[in-house]
Amino acid sequence: LFSDVGEIWARLFDHRPFLSGEIKYFLKEFEEKRSDREVERLFQILERVTEIKETQIDRVKLASDIHLPTLNANLEVAVSMCNRILEKEEDHRSVALTTKRELRKAEWESFIDNMTQKCSKVDATFQEKEEELKEFYADLEKKLHIEK
């Protein structure tokens, strides 16, 4: 009975025989199917890297030494041109603002002068009508012989 319990326990909880078989199968499949493709790819990558290191880095350094100063100079020229354009635009804006302010000021002064003239005309008309009414009532008092 105790030997049966040990065998049952080994079958249920001891997975070493199963796992070792699965591991051997996986390694066999992995090695056969890939057939050292990964190692070959690594060697190809290593060859390319060493080729680039030996030939291309010096060419890139030389090309950058030749072209970067001209590129930098061109960029500085472009920046200075942009700054000049911005300054001209700012000058134009300030000139436009001052001219528009002057125009608005002139329009305001014209409006005030016009209103002053109209007010003086209204005052003059009012005084004329007041004088006419005084004369009319004075004449009416004379006609009606009303004395004060």
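What you see below is based on every heavy atom in this structure, not just the backbone, and it leaves out hydrogens, waters and symmetry mates. Numbering of residues begins at 1 and proceeds along the displayed sequence. Since this is a predicted model, take the numbers as computed values, not measurements.
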*Asks:* First locate atom CZ of Arg93, then atom NZ of Lys100, and finally report the distance between them rounded to the nearest 0.5 Å.
*Replies:*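 That separation rounds to 10.5 Å.
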*Asks:* Taking Tyr25 as the starting point, is it possible to reach Leu19 by hopping between hydrophobic residues whose side chains are less than 4.5 Å apart?
*Replies:*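 Different clusters: Leu19 never reaches Tyr25 through Ile, Leu, Val, Met, Phe, Trp or Tyr contacts under 4.5 Å.
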*Asks:* Report the distance from atom CG of Leu140 to atom CG of Leu133, rounding to the nearest 0.5 Å.
*Replies:*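 The CG atom of Leu133 is 11.5 Å from CG of Leu140, to the nearest 0.5 Å.
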*Asks:* Identify which one of Glu109, Arg101, Glu107, Glu102 satisfies the side-chain contact (heavy atoms from CB on, under 4.5 Å) criterion when paired with Lys105.
*Replies:*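 One option only clears the test, and that one is Glu109.
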*Asks:* Give, for atom NE2 of His67 and atom CG of Leu62, the distance between the pair rounded to the nearest 0.5 Å.
*Replies:*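 Going from NE2 on His67 over to CG on Leu62, the span is 8.0 Å.
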*Asks:* Can you tell me which residue among Asn74, Asn72, Val79 is in a side-chain contact (heavy atoms from CB on, under 4.5 Å) with Glu76?
*Replies:*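 Result: among Asn74, Asn72, Val79, Asn72 is the only option passing the side-chain contact (heavy atoms from CB on, under 4.5 Å) with Glu76.
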*Asks:* Rounded to the nearest 0.5 Å, what separates atom CZ in Phe111 from atom OG1 in Thr116?
*Replies:*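 Rounded to the nearest 0.5 Å, the CZ-OG1 separation comes out at 9.5 Å.
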*Asks:* Quick one: closest heavy-atom pair of Ser64 and Pro69, and the distance?
*Replies:*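 In this case the closest contact between Ser64 and Pro69 is O-CD, 3.9 Å.
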*Asks:* If you round to the nearest 0.5 Å, how far is CG of Asp91 from CG of Leu86?
*Replies:*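 Going from the CG atom of Leu86 to the CG atom of Asp91 covers 11.0 Å.
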*Asks:* Is there a path of hydrophobic side-chain contacts, each under 4.5 Å between heavy atoms of I/L/V/M/F/W/Y residues, joining Leu71 to Ile66?
*Replies:*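 No, it is not one cluster - the side chains of Ile66 and Leu71 are not joined through contacts under 4.5 Å.
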*Asks:* Taking the side chain as everything from C-beta on, heavy atoms only, tell me whether Phe136 gets closer than 4.5 Å to Asp139.
*Replies:*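 Sidechains of Asp139 and Phe136: no contact.
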*Asks:* Do any N or O atoms from the side chain of Ser110 and from the backbone of Ala106 form a donor-acceptor pair under 3.5 angstrom?
*Replies:*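 The answer is no, because no donor-acceptor pair under 3.5 Å joins these two groups.
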*Asks:* At what distance, to the nearest 0.5 angstrom, does CZ of Arg104 lie from OG1 of Thr99?
*Replies:*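 Taking CZ in Arg104 and OG1 in Thr99, the distance rounds to 9.0 Å.
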*Asks:* In this structure, would Phe18 and Ile23 fall into the same cluster of hydrophobic residues linked by side-chain contacts under 4.5 Å?
*Replies:*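 No; Ile23 is not reachable from Phe18 via cluster members.
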*Asks:* Linking I/L/V/M/F/W/Y whenever their side-chain heavy atoms sit closer than 4.5 Å, directly or via other members, would Met115 and Ile112 fall into one cluster?
*Replies:*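 Yes, it is one cluster - the side chains of Met115 and Ile112 are joined through contacts under 4.5 Å.
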*Asks:* Please determine whether a side-chain nitrogen of the Lys or Arg among Asp65 and Lys61 lies less than 4.0 Å from a carboxylate oxygen of the Asp or Glu.
*Replies:*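 The answer is no: the pair does not qualify as a salt bridge.
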